[in-house]
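Just so you know, residue 1 is the first one in the sequence shown, and it goes up from there. Predicted, not measured: the structure shown is a model, and the values here were computed from it.
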Amino acid sequence: MAIWDRLLFSFSRRAEKGLRQFELPSSLETAKSDEPVSLAHIMEQFEDCIDVFQRSIPSAGIDIVYIPHLIDPMRFTKEIVDPLSKAQDAQDVRDVLAQSNFWHASDSKKVVKGILSGKAAIFHEGNVYLVIVYGPKSRGVEQSETESVITGPHDSFTESANTNLSLVRRRVKSSHLKVVKLEVGEITKTIVYVLYIKDIVNMELVDEFVRRITNIEIDAVYDGNMFTQYIDDFPNSLFPQFLITERPDTAVSKLVSGRILAIVDGSPTVVSGPTGFFDFFSSADDYYQRWSIGTATRVLRFIAFVITISFTAIYVAVTTYHYEMIPEALILTLRESRSKVPFPPVIEAMLMEVTIELLREAGARLPTKIGQTIGIVGGIVIGQAAVQAGLTSNILIIAVASSAISSFVIPSYVMSASIRLIRFGLIVLAGIWGNFGLMLGIGFIVVHLCGLTSLGTSYLSPFAPTKWSDWKDVFIRGPFSILTSRPNQVRTNNEEKAKMRK
């Protein structure tokens, strides 16, 4: 059996036991397991680290090493300082250190790692004990700014992985929810929790997901969006192959449907996979409204997708090569509007599209109040001024504005950004070859999408391969009475949603 096969088999066996932690090799860790565990040696590891404190309690013969920014001061005092300071003799100290929250450590590497992860290391009579007192201040649970909804819960994930885990656990009160702990990043040693529901998920997908994470070789991971680029099936594709969400209810819905989650410590987003192209067009709002309204909204998003990807390109193709397609009542208006424009339609369209992207980027980077001003300046002042100056036509302004607004109807920001970039390519093709170029570009996109996979599953599922049973929750939002099965994409053996009781 190959080495990697043995590793996968080992993971599968250990994953059955629930929460596990994988120890990854680290070439940058200076402490070694066979080195003596002494206060001098540990402090030598933290040489020039002014944020590492050493505190002594002479009456108890205790030295404590910790990082103040990573601990909860109240907990540190209550669980460590007070009991050890009140000890009358050596036996009292040993009784305190024998409590269950004090872990004996004989490995210098674990001691260094424990201090870096918010534990306090207690040195007494040649022995070292670790106590969890982790508790740095973090942002509270607030409303999501990128995935806002009108109805339904308004809480969102934060940068704390423990808080995010608790948000999921509050919604999934089942022992079937399993959590695997991994570590990514040679320097940052970022904690990544992999979540799945046993008896629903396909364990082959979990093994593949974990294999990709453990294969990541990088110094640092800062965010879930960055993390996905290392586990994508096709990292060079413009299309995202894992769903990123800030909403706990959305993440839980993915878990229940048989998908896998990855919570990256320090990131307010959670990664979900496998994911299909059409998953990026559904929103939590769809399920909190009546099915007919949810269906209408979802159809509207697909219409918005068609508009944003093709509207400007069609304008360029028609005004460059296919004037016969313009209605007779409109052609005079268009000709008059374009009569003052010195550029060909493709240059005119590219100028306006780039201007829109500049305004969008500026509005996103600036504070909220100034960002609104940028929108007014761009929408009214630059738009009207460009038409009056003869740089563009009125109809192109309408086409570009419609495309820009439609792009923001798509719930996923990552997918929306990909589509906006693809739009530029279609405009260029339409400017070179007209409708033929536009169809060529769309055909290339369809072929590319057909070849994409997410964790080895079809990216265009249930469209290709066709699974009619899944269409009731992809292109429409069917009534809950018929949404009783899990998607075929997750390859689960537990297809019926209600069969999970034990």
Side-chain angles (χ1 to χ4, degrees), residues 146 184 192 205 208-213 215-218 221-245 254 259-262 264 267 269-282 301-302 304-310 312-313 353 357 360-361 403 406-430 437-467 470 474-475 487-491:
T146 59
V184 178
V192 177
L205 296 180
E208 174 64 18
F209 196 66
V210 172
R211 183 189 69 80
R212 294 187 186 187
I213 296 175
N215 275 351
I216 296 176
E217 294 182 356
I218 186 176
V221 173
Y222 309 115
D223 186 71
N225 290 284
M226 178 184 179
F227 171 77
T228 58
Q229 297 176 52
Y230 288 93
I231 59 174
D232 275 342
D233 295 35
F234 297 88
N236 296 324
S237 174
L238 286 177
F239 293 96
Q241 292 138 53
F242 288 90
L243 185 70
I244 305 290
T245 181
K254 300 303 177 187
R259 293 184 168 87
I260 309 160
L261 297 185
V264 181
S267 171
T269 57
V270 167
V271 179
S272 168
T275 299
F277 175 74
F278 301 104
D279 290 335
F280 294 94
F281 294 86
S282 65
R301 293 193 196 109
F302 286 113
F305 166 68
V306 174
I307 291 175
T308 192
I309 202 169
S310 63
T312 309
E353 288 286 356
E357 290 301 313
R360 187 197 62 79
E361 190 66 16
S403 298
S406 298
S407 70
F408 294 113
V409 175
I410 299 169
S412 169
Y413 175 81
V414 180
M415 177 59 78
S416 174
S418 300
I419 290 172
R420 287 203 308 271
L421 190 56
I422 291 170
R423 188 171 61 203
F424 283 94
L426 292 179
I427 291 172
V428 172
L429 289 174
L438 181 58
M439 291 301 105
L440 187 69
I442 293 175
F444 176 79
I445 293 170
V446 172
V447 171
H448 176 66
L449 288 174
C450 289
L452 288 182
T453 57
S454 175
L455 272 181
T457 62
S458 172
Y459 192 62
L460 279 187
S461 178
F463 181 76
T466 305
K467 299 292 182 183
D470 288 351
V474 173
F475 300 105
N488 282 276
Q489 187 192 25
V490 300
R491 301 173 183 172

Would you call [X] and [Y] a side-chain contact if the rule is heavy atoms closer than 4.5 Å?
X	Y	result
Glu353	Arg420	no
Ile445	Leu426	yes
Met226	Ile218	yes
Leu460	Phe278	yes
Thr228	Pro240	no
Ser282	Pro411	no
Val264	Val221	yes
Arg212	Asp233	yes

Output the distance between atom [atom1] ([X]) and atom [atom2] ([Y]), rounded to the nearest 0.5 Å.
X	Y	atom1	atom2	result
Leu455	Thr275	CG	OG1	8.0 Å
Ser416	Arg360	OG	CZ	7.5 Å
Leu243	Gln241	CG	CD	12.5 Å

For the backbone of [Y] and the side chain of [X], can you confirm whether one donor and one acceptor N or O come within less than 3.5 Å of each other?
X	Y	value
Thr457	Ser454	yes
Ser458	Ala464	yes
Ser412	Phe280	no
Ser418	Leu238	yes
Ser310	Ala313	no
Ser237	Phe234	no
Asp279	Gly276	yes

Take Ile244 and Val271 through the side chain to side chain contact (heavy atoms under 4.5 Å, CB included) test and state the conclusion after the steps. CA-CA 5 Å; Ile244 305 290; Val271 179; 3.7 Å; yes
Search all heavy atoms of [X] against all heavy atoms of [Y] and return the closest pair with its distance.
X	Y	result
Gly437	Leu429	O-CB, 3.5 Å
Val409	Ala304	CB-CB, 3.8 Å
Thr312	Ser403	OG1-OG, 3.2 Å
Met415	Ile410	CG-CG2, 4.3 Å
Gly456	Arg491	O-NH2, 3.0 Å

Which of parallel (below 30°), tilted (30 to 60°) and perpendicular (above 60°) describes [X] and [Y]?
X	Y	answer
Phe475	Phe463	perpendicular
Phe242	Phe209	tilted
Phe305	Phe277	perpendicular

Under the side chain to side chain contact (heavy atoms under 4.5 Å, CB included) rule, what do Glu217 and Val184 come out as? Steps first, then yes or no, please. CA-CA 8 Å; Glu217 294 182 356; Val184 178; over 6 Å; no
Stepwise, does the side chain to side chain contact (heavy atoms under 4.5 Å, CB included) test hold for Thr453 with Tyr459? CA-CA 5 Å; Thr453 57; Tyr459 192 62; 5.7 Å; no
Applying side chain to side chain contact (heavy atoms under 4.5 Å, CB included) to Arg259 and Gln489, what does each step give before you reach the verdict? CA-CA 9 Å; Arg259 293 184 168 87; Gln489 187 192 25; 3.1 Å; yes
Using the rule side-chain contact (heavy atoms from CB on, under 4.5 Å), only one of Leu449, Val414, Asp232 pairs with Phe239; which is it?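 Only one option passes, and that is Leu449.
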Should we say atom CZ of Phe408 is surrounded by more than 12 heavy atoms from elsewhere, each under 6.0 Å from it?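 Yes, the 6.0 Å shell around CZ holds more than 12 heavy atoms from other groups.
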Count the heavy atoms belonging to other residues, nucleotides or ligands that lie under 6.0 Å from CZ of Phe302, then report whether that count exceeds 12.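 Yes, the 6.0 Å shell around CZ holds more than 12 heavy atoms from other groups.
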Is it the case that Thr308 and Arg423 place a side-chain donor and acceptor less than 3.5 Å from each other?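 There is such a pair (donor and acceptor under 3.5 Å, judged by atom type) between the side chains of Thr308 and Arg423.
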